[in-house]
Undergrad: 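Structure incoming, see below.
Any value given below was found using the heavy atoms of this structure, including those in side chains, with hydrogens, waters and symmetry copies removed.
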Amino acid sequence: MALYTYIHDESPTPIWGLTSGQRIERVLKSYGEISVVTDLNALENNDSVLLFHGGYLFDDRIVQYLAATPGLILQIDFKGEKTAVAAHISAGIAHQVLMVMEKTSNTASLPGVRIESLDTLPISFQENLRKSVPPFILRVSEENAENLERRLYNWAYKGITDLVTKWVWPVPARWVVRQCVRFGIRPNQVTSVGFILVILAGILFYKGQYGWGLLAGWVMTFLDTVDGKLARVTVTSSRFGHYFDHIIDIVHPPFWYLLWGLGLPATYSGSAEWLSLAALIWAIFIGYTVGRLTELLFRRVLAGFEIFCWRPIDSYFRLITGRRNPNLLFLTAGFLLGNAPLGLVAVTFWTVLTSLFLMFRLGMATYARTGKEPFQSWLTDIGGKVATDALAVRIFTKQKHLS
């Protein structure tokens, strides 16, 4: 049975360069073969159709949930009234549902169709963004376009990440994302510039030009934030872009530290003789690999979600764990103190220590998995065992509905 999409009364106001209808179409492209129609009369009665009111901005998760859930009308509270804004129904009753959207009819005349609201949708937890955020549907107007762009950007930002990405990059990255949308720059182009900077930073580290290398490295980490947010707010994620970005992120950090170490003799002749460079690099590579494998085992074997989402302590730990950005802080501090070898030593010890902690948490999770309690992320238990006013909730989630 075919599935079609119909956008009703679309607002011409673009949000991050896309109208509501255009955004819905892009979200649905990743779902499968869904055709957009402009005339409901052209459909057969038994065809399935997704109806969306084009005057609202829909959370991507809602679009995907509706596509997978037939026999459903979604209502929201708008100015004190129950308003139907989307549905997945048969084409035979599509005109009746449109009348409900236009408030010239009511849902009582549509037997067999389930009514849901935002509060009843089971889609708060976002594993890919490591956060729990209630789904949203927001009215689009020219007056609130800037506010909607800000809210959509915040929604697209990871909740659990390192301290630099979480607290330093959001505001400047939003400005750069806006310029990318304005000039038609795509996420893969930003990622490609980042890849060039990865190589440039490595070369500069090898030559002992640590100041310029750190500049290239920090710009690369900033662009690594920009490309992901740009992809999400414009719905331009691709399989190639996903793997291109993730492979770069996973592979390059230990090689930066290796090249940093190889560059030491060029600038610090005689001052690094006490270091066993080979021992430091081996410790970094082993520690980094063990940490990544621990995360992989937790997600693939034990849980189905990331280890940093398991308990609040793991989310706090993600702020400072021995990944690229926290380690770049150590390297930068060493450079500014005039002691680049000390920066590398700090990276080594922190990488090893944080990987040992991850292994310890994996052991605890393995034991907990055998117990009677449900094994789930703390993000799914907010309002239950986790109080809604807990510090971790305030730091890592947004628990109020966007409106």
Undergrad: What I'd like to find out is whether the side chain of Thr5 reaches to under 4.5 Å of the side chain of Glu25, using heavy atoms alone.
TA: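 No, their side chains stay 4.5 Å or more apart.
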Undergrad: I need the Leu163 CG to Ile320 CD1 distance, nearest 0.5 Å.
TA: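 Answer for the CG-CD1 pair, Leu163 versus Ile320, is 8.5 Å.
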Undergrad: Would you mind writing out the side-chain donor-acceptor pairs for residues 167-185 within the sub-3.5 Å range, not counting sequence neighbours?
TA:
residue	atom	partner	partner atom	Å
Arg178	NH1	Glu149	OE1	2.5

Undergrad: For Asp389, is there any backbone N or O sitting under 3.5 Å from a side-chain donor or acceptor partner on Arg394?
TA: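 Present.
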Undergrad: Would the distance check show the side chain of His88 and the main-chain N or O of Leu66 forming a donor-acceptor pair, the cut-off being under 3.5 Å?
TA: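 Yes, because the side chain of His88 sits within donor-acceptor range (under 3.5 Å) of the backbone of Leu66.
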Undergrad: Establish, yes or no, whether the cationic atom of Lys229 lies under 6.0 Å from the six-membered ring centre of Tyr157 and within 45° of the ring axis.
TA: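 Lys229 over Tyr157 ring: yes.
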Undergrad: Looking at Arg299 and Phe305, would you say the former's side chain and the latter's main chain have a donor-acceptor pair under 3.5 Å?
TA: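 No; judged by distance alone, with no hydrogens or angles, the pair does not exist.
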Undergrad: Report, as yes or no, whether the 6.0 Å neighbourhood of atom CZ on Phe349 holds more than 12 heavy atoms from other residues, nucleotides or ligands.
TA: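 Count not over threshold, so no.
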Undergrad: Please verify the inter-ring angle class for Tyr316 with Phe396; under 30° counts as parallel, over 60° as perpendicular, anything in between as tilted.
TA: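 Perpendicular, since the angle between the ring planes exceeds 60°.
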Undergrad: Side chains of Glu142 and Thr13: donor-acceptor distance under 3.5 Å anywhere?
TA: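 Thr13 and Glu142 do not have a side-chain donor-acceptor pair below 3.5 Å.
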Undergrad: Please determine whether side chain to side chain contact (heavy atoms under 4.5 Å, CB included) holds for the pair Lys166 and Ile395, giving the CA-CA distance in whole Å, both sets of side-chain angles, and the decisive distance to 0.1 Å.
TA: CA-CA 10 Å; Lys166 188 166 187 64; Ile395 292 176; 3.8 Å; yes
Undergrad: So which atom in Phe58 and which in Val85 form the shortest heavy-atom distance, rounded to 0.1 Å?
TA: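 Closest approach of Phe58 to Val85: CZ-O, 3.4 Å.
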Undergrad: Is there a donor-acceptor pair closer than 3.5 Å between any side-chain N or O of Tyr288 and the backbone N or O of Ser355?
TA: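 A pair under 3.5 Å: no.
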Undergrad: For residues Asn188 and Gly241, report the shortest heavy-atom separation together with the two atoms involved.
TA: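 Nearest pair, atom of Asn188 first, then Gly241: OD1-CA, 3.2 Å.
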Undergrad: Hey, does Leu118 have a side-chain heavy atom less than 4.5 Å from the side chain of Ile62?
TA: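 Heavy-atom side-chain distance check passes, below 4.5 Å.
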Undergrad: Test of understanding: with side chain to side chain contact (heavy atoms under 4.5 Å, CB included), list the residues that count as partners of Ser192, not counting sequence neighbours.
TA: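 In terms of side chain to side chain contact (heavy atoms under 4.5 Å, CB included), with neighbours along the sequence ignored, Ser192 is linked to Phe244.
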Undergrad: Taking the side chain as every heavy atom from C-beta outward, state whether Phe52 and Val63 have any atom pair closer than 4.5 Å.
TA: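 The answer is yes, as the side chains (C-beta and beyond) meet within the 4.5 Å cut-off.
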Undergrad: Checking salt bridge (charged side-chain N to carboxylate O under 4.0 Å, His left out) for the pair Arg23/Asp60: CA distance, chi angles, key distance, verdict?
TA: CA-CA 9 Å; Arg23 182 177 186 86; Asp60 296 2; 3.2 Å; yes
Undergrad: Quick one: closest heavy-atom pair of Thr351 and Val347, and the distance?
TA: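 Residues Thr351 and Val347, closest heavy atoms: OG1-O, 2.7 Å.
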Undergrad: Atom CG of Leu262 and atom CZ of Phe255: how far apart are they, to the nearest 0.5 Å?
TA: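 Interatomic distance, Leu262 CG to Phe255 CZ, rounded to 0.5 Å: 11.5 Å.
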Undergrad: Which value, rounded to the nearest 0.5 Å, describes the distance between Leu302 atom CG and Thr366 atom OG1?
TA: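 So the CG of Leu302 and the OG1 of Thr366 are separated by 4.5 Å.
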Undergrad: Mind telling me whether Tyr153 and Trp16 have parallel, tilted or perpendicular rings, with 30° and 60° as the class edges?
TA: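 If you compare the ring of Trp16 with that of Tyr153, the planes turn out tilted.
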Undergrad: If you count the non-hydrogen atoms of other residues, nucleotides and ligands that lie under 6.0 Å from CZ in Phe360, is the total more than 12?
TA: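 For Phe360, atom CZ is not crowded (no more than 12 foreign heavy atoms under 6.0 Å).
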Undergrad: Quick one: pull up CG in Leu344 and CZ in Phe205 and give me the separation to the nearest 0.5 Å.
TA: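 Reported value, rounded in 0.5 Å steps: 11.0 Å.
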Undergrad: What's the spacing between Glu306 CD and Lys158 NZ if we round to 0.5 Å?
TA: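 Nearest 0.5 Å value for the CD-NZ distance: 7.0 Å.
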Undergrad: Relative to the ring of Trp310, is the ring of Phe298 parallel (under 30°), tilted (30 to 60°) or perpendicular (over 60°)?
TA: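 Geometry flag for Trp310 against Phe298: tilted rings.
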Undergrad: In terms of side-chain geometry, is the basic nitrogen of Asp249 or Arg324 positioned less than 4.0 Å from the acidic oxygen of its partner?
TA: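 Salt bridge flag = yes for Arg324 with Asp249.
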Undergrad: Working note: Tyr257 + Leu331, criterion side chain to side chain contact (heavy atoms under 4.5 Å, CB included); need CA distance, chi angles, decisive distance, verdict.
TA: CA-CA 9 Å; Tyr257 313 142; Leu331 294 179; 4.1 Å; yes
Undergrad: Looking at Arg151 and Glu146, is there a salt bridge between them, counting it only when a charged N and a carboxylate O are closer than 4.0 Å?
TA: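 Result for this pair is no, no salt bridge flagged.
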Undergrad: For a quick check under 3.5 Å, do Thr165 and Asn325 share a side-chain donor-acceptor pair by atom type?
TA: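 On atom types as modelled, these side chains qualify, holding a pair under 3.5 Å.
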Undergrad: For Glu44, I'd like to know if atom CD has over 12 heavy atoms of other residues, nucleotides or ligands within 6.0 Å.
TA: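 No, the 6.0 Å shell around CD holds no more than 12 heavy atoms from other groups.
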Undergrad: For Tyr210 and Trp260, take the angle between the two ring planes, folded into 0 to 90°, and tell me which bin it lands in: parallel under 30, tilted 30 to 60, perpendicular over 60.
TA: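 If you compare the ring of Tyr210 with that of Trp260, the planes turn out tilted.
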Undergrad: Indicate yes or no for a side-chain donor-acceptor contact from Thr354 to the backbone of Gly322 under 3.5 Å, with no hydrogens or angles considered.
TA: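 A pair under 3.5 Å: yes.
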Undergrad: Please step through salt bridge (charged side-chain N to carboxylate O under 4.0 Å, His left out) for the pair Arg323 and Glu295, ending with a clear verdict.
TA: CA-CA 12 Å; Arg323 292 277 193 88; Glu295 295 173 36; 2.4 Å; yes
Undergrad: Are the aromatic ring centres of His53 and Tyr56 under 6.0 angstrom apart?
TA: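 When the ring centroids of His53 and Tyr56 are compared, they turn out to be within the sub-6.0 Å range.
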Undergrad: Please assess Asn144 against Leu138 for the test side chain to side chain contact (heavy atoms under 4.5 Å, CB included), listing each intermediate value before the final yes or no.
TA: CA-CA 10 Å; Asn144 73 346; Leu138 307 170; 5.8 Å; no
Undergrad: Walk me through it: do Trp218 and Thr332 pass the test side chain to side chain donor-acceptor pair (under 3.5 Å)?
TA: CA-CA 10 Å; Trp218 280 117; Thr332 302; 3.0 Å; yes
Undergrad: For a side-chain contact (heavy atoms from CB on, under 4.5 Å) with Tyr6, tell me which candidate from Val97, Val36, Leu51 qualifies.
TA: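 Among the candidates, only Leu51 passes.
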Undergrad: Would you please name every residue forming a side chain to side chain contact (heavy atoms under 4.5 Å, CB included) with Ile286, sequence neighbours left out?
TA: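 Ile286: side chain to side chain contact (heavy atoms under 4.5 Å, CB included) contacts with Trp282, Val290.
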Undergrad: Rounded to the nearest 0.5 Å, how far apart are OG1 of Thr321 and CG of Asp314?
TA: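 Rounded to the nearest 0.5 Å, the OG1-CG separation comes out at 10.0 Å.
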Undergrad: Before you tell me yes or no, could you show the steps for Tyr65 and Arg61 under side chain to side chain donor-acceptor pair (under 3.5 Å), namely the whole-Å CA-CA distance, both residues' side-chain angles and the distance that decides it to 0.1 Å?
TA: CA-CA 6 Å; Tyr65 180 79; Arg61 296 169 295 170; over 6 Å; no
Undergrad: Side chain of Gln75, backbone of Ala84: donor and acceptor closer than 3.5 Å?
TA: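 No.
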Undergrad: May I ask you to decide if Ser117's main-chain N or O and Thr120's side chain share a donor-acceptor pair within less than 3.5 Å?
TA: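 Confirmed, Thr120 side chain pairs with Ser117 backbone.
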Undergrad: Strictly distance-based, threshold 3.5 Å: is any side-chain N or O of Gln22 a donor or acceptor partner for the main-chain N or O of Thr19?
TA: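 Between the backbone of Thr19 and the side chain of Gln22 there is a qualifying donor-acceptor contact (under 3.5 Å).
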Undergrad: What pair of heavy atoms forms the shortest contact from Ala94 to Leu40, and how long is it?
TA: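 For Ala94 versus Leu40, the nearest heavy atoms are CB-CD1, 3.9 Å.
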Undergrad: Work out which heavy atom in Ala283 is nearest to a heavy atom in Val352; give both atom names and the distance.
TA: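 Shortest heavy-atom separation between Ala283 and Val352 comes out as O-CG2, 3.8 Å.
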Undergrad: My understanding is that only one of Thr191, Leu230, Ile196, Leu197 makes a side-chain contact (heavy atoms from CB on, under 4.5 Å) with Leu223; could you say which?
TA: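 Exactly one option meets the side-chain contact (heavy atoms from CB on, under 4.5 Å) with Leu223, and it is Leu197.
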Undergrad: Are Leu3 and Asp47 close enough, and set up right, to give a side chain to side chain contact (heavy atoms under 4.5 Å, CB included), and what steps lead you there?
TA: CA-CA 6 Å; Leu3 181 59; Asp47 288 333; over 6 Å; no
Undergrad: Could you give me the CA-CA distance, side-chain angles and deciding distance for Trp378 and Ser315, then say whether side chain to side chain donor-acceptor pair (under 3.5 Å) is met?
TA: CA-CA 10 Å; Trp378 71 272; Ser315 300; 2.9 Å; yes
Undergrad: If we ignore hydrogens and angles and just use 3.5 Å, is the side chain of His246 paired with the main-chain N or O of His242 as donor and acceptor?
TA: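 Answer holds: yes.
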Undergrad: For Ala91 and Leu43, which heavy atoms make the closest approach, and how far apart are they?
TA: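 Heavy atoms only, the tightest pair is CB-CB, 3.8 Å.
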